[in-house]
Amino acid sequence: MRFQAAIAKKNRSNNSGGIAPDPLHVVNTLKIAIIHFNRLFHTAKDKESLLFTFIYLWMTQQLDSLTAADDIPSLSHVTGKDACAEHRLRIIYTNCISWVEYALRYSTSTGVVWQWQPVPSALNHFFYRYVKTLATTAQKPLLNVALKQQLWRFIDKSWKTPKLCAQYGRLRKMSFFAISRSWLNVVPISQRRQNQSC
């Protein structure tokens, strides 16, 4: 098995952009994070909103830039007609499929532009199931100050590897925070819509 892993790593190093992380290590690190999350929040009534925010921050590569609980953004659900802005989510129905889209920042020569980006297909069902329960006219944030403090403690503390995950490799926490977008294969919205049909 180690011989095959070495060959796979050598093949990945020949790809543009350098060596991609081993998918098994990424999945195992995500499993470790969720195990620790469940231990910390096993009785919390807001467990789903905390997990949703954590996955959103990981997917948008914002976890490694957080320095305190105050840096955790307040997410909002808007209608499909609303303008794209920071930390907004919406549901659209296209080609017989409901997709959750999130605001993604693009830097251009004229400044910063926010564009709608579909959630990766691996996470679309998870996001759709939760976002559809949020009101588009809600005034209160998804996480209050106390919940942001709890989520920050989870993000900031170390995640020791449980025995059941020890036999598989894992990534260092900061590496795990930084690789999500490339690993989840974010596809531009125009290309995704062309590839789908009823």
State, with a plain yes or no, whether a side-chain heavy atom of [X] is found less than 4.5 Å away from one of [Y].
X    : Y    : answer
S49  : Y130 : yes
K31  : Y168 : no
H77  : I91  : yes
L147 : Q150 : yes
L89  : Y56  : yes

According to side-chain hydrogen bond (donor to acceptor under 3.5 Å, both in side chains), who are the partners of [X], at least two apart in sequence or on a separate chain?
X    : answer
R170 : T161
T108 : T110
D64  : none
N38  : K47

Does [X] belong to the same Ile/Leu/Val/Met/Phe/Trp/Tyr cluster as [Y], with side-chain heavy atoms less than 4.5 Å apart forming each link?
X    : Y    : value
L104 : V113 : no
Y102 : Y106 : yes
M59  : M174 : yes
V26  : I35  : no
L143 : L134 : yes

What pairs with F37 under ring-ring contact (aromatic ring centres under 6.0 Å, His included), at least two apart in sequence or on another chain?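 With sequence neighbours excluded, F37 shows a ring-ring contact (aromatic ring centres under 6.0 Å, His included) to F41, F154, given in chain and number order.
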Residues in ring-ring contact (aromatic ring centres under 6.0 Å, His included) with F127, at least two apart? F52
Please find the pair of heavy atoms, one from [X] and one from [Y], that lie closest to each other, and give the distance.
X    : Y    : answer
A103 : A85  : CB-O, 2.8 Å
S98  : N124 : O-ND2, 3.0 Å
R39  : P162 : NH2-CB, 4.3 Å
V119 : W99  : O-CZ3, 3.4 Å

Rounded to the nearest 0.5 Å, how far apart are [atom1] of [X] and [atom2] of [Y]?
X    : Y   : atom1 : atom2 : answer
I155 : L57 : CD1   : CG    : 5.5 Å
F126 : L51 : CZ    : CG    : 4.0 Å
D46  : T53 : CG    : OG1   : 10.0 Å
Q62  : H87 : CD    : NE2   : 5.0 Å
L171 : I32 : CG    : CD1   : 9.0 Å
L151 : I72 : CG    : CD1   : 4.0 Å

Residues joined to W114 in its hydrophobic cluster, side chain to side chain under 4.5 Å directly or through other members, sorted by chain and number, are V112
Salt bridge (charged side-chain N to carboxylate O under 4.0 Å, His left out) partners of R129, counting only residues at least two apart: E48
With sequence neighbours left out, the residues meeting salt bridge (charged side-chain N to carboxylate O under 4.0 Å, His left out) with E86 are none
Would you list the pairs meeting salt bridge (Lys or Arg N to Asp or Glu O under 4.0 Å) in which at least one residue belongs to residues 143-167, sequence neighbours left out? none
Can you name the side chain to side chain contact (heavy atoms under 4.5 Å, CB included) partners of T79, sequence neighbours left out?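 Side chain to side chain contact (heavy atoms under 4.5 Å, CB included) check on T79 returns K81, D82, T136.
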Output all residues satisfying side chain to side chain contact (heavy atoms under 4.5 Å, CB included) with S76, sequence neighbours left out; order by chain, then residue number.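 Testing S76 for side chain to side chain contact (heavy atoms under 4.5 Å, CB included), a comparison that skips the adjacent residues, returns V78, R88.
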Using the side-chain contact (heavy atoms from CB on, under 4.5 Å) rule, take I55 and L30 through it: C-alpha gap first, then chi angles, then the decisive distance, then the call. CA-CA 10 Å; I55 297 293; L30 181 59; 4.3 Å; yes
Do any N or O atoms from the side chain of R90 and from the backbone of E101 form a donor-acceptor pair under 3.5 angstrom? no
